[in-house]
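Note on naming: letters A, B, ... go to the chains in the order of the sequence lines (proteins, then strands), and numbering restarts at 1 for each one.
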Amino acid sequence: MTLFLPLNSQKMSDRPVRVRFAPSPTGPLHIGGVRTALYNYLFAKKHKGKFLLRIEDTDQKRFVEGAEDYVNDSLNWLGLTVDEGVREGGDFGPYKQSERMDKYAGYAHQLVKDDYAYYAFDTPEELTEMRAKLEANSMSAKYDATSRMSMRNSLTLSEDEVKERLDRGDNYIVRIKLPRNEEIRFQDVIRGWIVFNSSQLDDKVLLKEDGLPTYHLANIVDDHLMEISHVIRGEEWLPSAPLHVILYRYLGWEDTMPKFAHLPLILKPDGKGKLSKRDGDRLGFPVFPIEWKDPKTDEISSGYRESGYLPNAVVNMLALLGWHPSDNQELFDLESLINEFTLERVSKSGAKFDMDKAKWFNHQYLMKATGTEIADMVASQIEPKHTARGDKYLATAIEMLKEKVSFASEILPLGDYFFEAPSAYDEKVQRKKWNADIAGHITNYINSIVEGNMVSASAMEEQLQAYADSKEIGKGMLMQPLRWVVSGQAGGPPIFEMLELIGLEEVSKRLDRAIQKFPV
RNA sequence: GCUCCUAUAGCAUAAUGGUCAGUGCAGUAGGUUUUCAACCUAAAGAUUAGGGUUCAAUUCCCUGUAGGAGUACCA
């Protein structure tokens, strides 16, 4: 039997761990991107390494106002601190590709010089024509080893003409010159050996007509210059990974090529496909960490933060979506996540987003949070009536209500009766439990606690027991109507604690109100 | 179409070349509670199909099927 060492046990200490999260500021950060950031962060911290944030904005056409701030705000909300980045600085800056534009073209030209790339002068029309022709002959429409010799580029044109075109300032791009038929393999930390044949790839553009690099070039150059040790990114990059491997080779950087780890995708909870913005709208859960307002359309996409999710819950939920610890523990704070996290325990298969579990996680953290913390979370919902009796009152009310909901945002609406007399009364209780007898008992009881100035829950409870005993009735008979008179609800927090908080004066007013509204 | 990746209950996942395949969520039943929530208990629920390798496969291999991703002068 052959013994295999765990994939990463041997070389992890070779180089300091430096990982990057490299979003492109084209809109709000999707929850899948957030998870990628999280895994990068966890991995970096686990190995006492650095977590970098690099903004990949080489495509100016797709720039979206505010998207970069959004990334920072999101990571910040979740407590994922960036070690090096645009805001944080660092020794490997700038951390925004649009500010490193002087770094890329040179490498592209170097590759041409080394015969690993070439200039291409084809017009878009010519490219379209080429693809159409190839497709018509049921060949794959690729600009590659088999088709490039019939195109207009520095491989087919004479040296003089190429020079003339370049001197003249003709538009050109640089394409990588891939080998015709070569096996390209690399070891993915999560998936093991991945094998491609170069004939399946095409001669990707490295440098665009505007002189700016494409993702592929910029990515490799920056990862190299920033001494990135591990590239942890989504599975959507897997098909272009072999191109990146070749680029490292062609640039002479293969020795320090980072290790790759391609994360599984987060899929729609129902049906098929990658989780998208629309799914959130359709199924009623956020796909974005924090609220996003589209600068062009003013369209608002809801965020976890605004929906009452706690950052810890989101982190925990995301961590477990595609990763699992070695035991059955499920509740983790960031620190214990750092201790436990390993890329080897990331699963290979895509995970459908589980809304119910997300709720459950949030509920767990809501139970741990204090009333004051929750009040801060729902600051935008707070109206004068909520704070009229002080912050402590509000916090206590929230404390009583929090275990009944999954989201902080549900708390205030649920417990409106803590802040003003009920506007609606449960109809079923009225019908079944509200009659002259009961109303009389409730009135007697409330009057007795008011007269006795019984302000504590325990005193009120004892008094109800005593009253029920004296009338030889079960106190259970009175409890729901009592709650109903005060809150209008059929259920809620422990009733005497609720009464204690609301206070005798208000309880008494509510009794009068109920009797007036529902005469018996 | 082509290439690559993936496949354990409704969902997320664990484990194993060999007794009843474990856990959480959801759902079901019961308990507890004035009520709701929480909590406790119980039952139910899965190795994609077909071939191989093997004494033995859910686990390794192949094929099919299904799903996903990629296939831009986007990232």
Side-chain angles (χ1 to χ4, degrees), chain A residues 22-26 56-59 61-62 97 120 122 124 127 131 135 138-143 171-175 188 190-192 194-197 199-202 204-216 218-219 233-242 262 264-265 267-274 317 320-331 345 347-361 363 367 400-406 414 426 429 433 464 474-484 487 489-496:
Chain A
S24 167
T26 54
E56 307 225 327
D57 55 349
T58 52
D59 187 5
K61 291 187 287 291
R62 298 215 306 161
Q97 288 183 331
D122 312 280
L127 288 173
R131 291 191 178 113
E135 259 161 36
S138 58
M139 290 166 75
S140 57
K142 288 187 317 211
Y143 203 120
N171 284 336
Y172 70 93
I173 60 171
V174 174
R175 284 182 185 274
D188 186 281
I190 294 169
R191 292 156 201 277
I194 309 282
V195 184
F196 284 82
N197 190 292
S199 63
Q200 295 150 199
L201 277 27
D202 59 351
K204 281 269 178 291
V205 174
L206 300 179
L207 204 62
K208 298 184 269 187
E209 208 168 69
D210 57 9
L212 302 183
T214 57
Y215 166 84
H216 303 293
N219 184 261
R233 72 219 315 186
E235 193 185 338
E236 68 266 28
W237 294 110
L238 197 48
S240 48
H262 289 95
L265 265 15
L267 277 14
K268 296 176 195 291
D270 65 337
K272 305 153 188 308
K274 204 159 63 155
M317 177 269 289
L320 270 290
L321 198 62
W323 172 84
H324 199 275
S326 49
D327 58 12
N328 279 326
Q329 187 182 341
E330 295 207 277
L331 264 14
R345 295 194 67 85
S347 46
K348 301 197 239 312
S349 50
K352 286 187 186 172
F353 186 84
D354 187 347
M355 286 181 284
D356 287 326
K357 196 66 184 267
K359 273 189 182 182
W360 179 81
F361 271 115
H363 184 250
M367 298 276 265
M400 281 183 208
L401 294 160
K402 68 181 186 185
E403 66 179 29
K404 307 192 182 304
V405 301
S406 300
L414 182 71
D426 187 280
V429 176
K433 306 243 169 110
L464 185 72
K475 70 170 179 178
M477 248 183 98
L478 302 178
M479 292 185 73
Q480 198 176 29
L482 176 58
R483 173 192 298 285
W484 179 81
S487 73
Q489 304 288 307
I495 187 160
F496 299 104

Distance check, rounded to the nearest 0.5 Å: A:Arg191 atom CZ versus A:His262 atom NE2?
8.0 Å
Distance, nearest 0.5 Å, that separates CG of A:Asp57 from OG1 of A:Thr26:
10.5 Å
A:Leu127 meets the side chain to side chain contact (heavy atoms under 4.5 Å, CB included) criterion, sequence neighbours left out, with A:Asp122, A:Met130, A:Arg131, A:Tyr143, A:Met151, A:Arg175
Just how far, in rounded Å, is P of B:G10 from CH2 of A:Trp360?
21 Å
Heavy atoms only, 4.0 Å cut-off, all strands: where does A:His363 land among base, sugar-phosphate and nothing?
sugar-phosphate
Please list, chain by chain and in numerical order, all residues satisfying side chain to side chain contact (heavy atoms under 4.5 Å, CB included) with A:Ala351, sequence neighbours excluded.
A:Leu321
Nearest of B:G68, B:C74, B:U6 to any side-chain atom of A:Asp59?
B:C74
Classify A:Phe196 by what it touches in the nucleic acid, base, sugar-phosphate, or nothing, heavy-atom distance under 4.0 Å.
sugar-phosphate
Determine the contact category for A:Val405: base if any of its heavy atoms lies under 4.0 Å from a base atom, sugar-phosphate if only primed atoms, P, OP1 or OP2 are that close, otherwise nothing.
nothing
Taking the C1' atom in each of B:G27 and B:A46, what is the distance between them to the nearest angstrom?
16 Å
Name the closest nucleotide to the A:Arg62 side chain, picking from B:G70, B:A75, B:C73.
B:A75
Using a heavy-atom cut-off of 4.0 Å across all strands, would you classify A:Lys61 as base, sugar-phosphate, or nothing?
sugar-phosphate
Starting the side chain at C-beta, find the nucleotide from B:A14, B:U13, B:A75 nearest to A:Ala351.
B:U13
Roughly how far, to the nearest 0.5 Å, is OH of A:Tyr215 from NZ of A:Lys208?
13.0 Å
Please work out if A:Lys274 contacts a base, only the sugar-phosphate, or nothing of the nucleic acid, heavy-atom cut-off 4.0 Å.
sugar-phosphate
Which part of the nucleic acid, if any, lies within contact of A:Leu238, taking any heavy atom under 4.0 Å across all strands shown: a base, the sugar-phosphate backbone alone, or nothing?
sugar-phosphate
Counting only side-chain nitrogens and oxygens, does A:Arg175 get under 4.0 Å of the OP1 or OP2 atom of B:C73?
yes
NA contact type, A:Glu236, heavy-atom cut-off 4.0 Å: base, sugar-phosphate, or nothing?
sugar-phosphate
Side-chain N,O (A:Ser347) to OP1/OP2 (B:U13) below 4.0 Å:
yes
Working to the nearest 0.5 Å, report the span between CZ of A:Arg483 and CD1 of A:Ile495.
5.0 Å
B:A7 C1' sits how many Å from A:Glu235 CD, rounded?
12 Å
Only stems of 3 or more consecutive Watson-Crick or G-U pairs count here, both distances under 3.5 Å; name the ones for RNA chain B, or none.
B:1-7 with B:65-71, B:10-13 with B:22-25, B:28-31 with B:39-42, B:48-52 with B:60-64
Minimum-distance nucleotide to A:Leu127 side chain [options: B:G22, B:A15, B:C73]:
B:C73
A:His216 side-chain N/O to A:Lys204 backbone N/O, donor-acceptor pair under 3.5 Å:
no
Can you find a donor-acceptor pair, distance only, under 3.5 Å between A:Lys348 side chain and B:C5 base?
no
With rounding to whole Å, what would you report as the distance between B:A49 and B:A72 at their C1' atoms?
38 Å
Report yes if a side-chain nitrogen or oxygen of A:Thr58 is closer than 4.0 Å to either non-bridging phosphate oxygen (OP1 or OP2) of B:A75; otherwise report no.
yes
Euclidean distance for P, B:G50 against B:G70 (whole angstrom):
33 Å
Closest nucleotide of RNA chain B for A:Leu321 versus for A:Gly491: which of these residues is on the 5' side?
A:Leu321
Per nearest nucleotide of RNA chain B, the residue lying toward the 5' end, A:Pro23 or A:Met479, is A:Met479
Same-atom distance (C1') from B:U53 to B:C62, integer angstrom
11 Å
Separation of the C1' atoms in B:C55 and B:A15, to the nearest angstrom
23 Å
Touch class at under 4.0 angstrom, heavy-atom based, for A:Glu209 against every strand present:
base
Review item, nucleotides 60-64 of chain B N/O atoms under 3.5 Å of protein N/O:
none

If you compare every side-chain N and O of A:Lys208 against the phosphate oxygens of B:A75 (OP1, OP2), does one of them come in below 4.0 Å?
yes
Rounded to the nearest Å, what distance is computed from the NE2 atom of residue A:His216 to the C1' atom of nucleotide B:G70?
10 Å
Measure the distance from CG on A:Asp202 to C1' on B:C73 and round it to the nearest whole Å.
12 Å
What one should report as the nearest heavy-atom pair of A:Lys274 and A:Leu265 is CD-CG, 4.0 Å
Measure the distance from CE on A:Met355 to P on B:C11 and round it to the nearest whole Å.
13 Å
Using whole Å, report how far CE of A:Met139 lies from P of B:U71.
21 Å
Would you measure the distance from the C1' atom in B:G17 across to the matching atom in B:U58 and give it in whole Å?
10 Å
Contact class for A:Asp426 (heavy atom, under 4.0 Å): base, sugar-phosphate, or nothing?
nothing
Protein-nucleotide distance (A:Trp323, atom CH2; B:A12, atom C1'), rounded to Å:
13 Å
Can any side-chain N or O of A:Ser240 pair as donor or acceptor with the backbone N or O of A:Trp237 at less than 3.5 Å?
yes
Heavy atoms only, 4.0 Å cut-off, all strands: where does A:Gly234 land among base, sugar-phosphate and nothing?
nothing
Select base, sugar-phosphate, or nothing to describe what A:Arg233 touches, counting heavy atoms under 4.0 Å on all strands.
nothing
Is it the case that the side chain of A:Arg345 and the backbone of A:Trp323 share a donor-acceptor pair, with hydrogens and angles ignored and the cut-off at 3.5 Å?
no
Those residues at least two apart in sequence (or on a different chain) that pass side chain to side chain donor-acceptor pair (under 3.5 Å) with A:Asp426 are none
Suppose you measure atom C1' in B:U16 against the same atom in B:U47; what distance do you get, rounded to whole Å?
11 Å
Gap between atoms CG and C1', on A:Leu265 and B:C4 respectively (whole Å):
13 Å
For the side chain of A:Arg191 and the base of B:C5, is some donor closer than 3.5 Å to an acceptor across the two?
no
Should A:Lys352 be listed as having a side-chain N or O under 4.0 Å from OP1 or OP2 of B:A12?
no
Test of understanding: with side chain to side chain contact (heavy atoms under 4.5 Å, CB included), list the residues that count as partners of A:Asp354, not counting sequence neighbours.
A:Asp356, A:Lys357
C1'-based separation of B:G22 from B:U3 [nearest Å]
37 Å
To the closest 0.5 Å, what do you measure between CD (A:Glu56) and CG (A:Asn219)?
5.0 Å
Contact class for A:Asp354 vs. all strands (heavy atom < 4.0 Å): base, sugar-phosphate, or nothing?
base
Rounded to the nearest 0.5 Å, what's the gap from NZ on A:Lys142 to CD on A:Gln200? Could you check?
7.0 Å
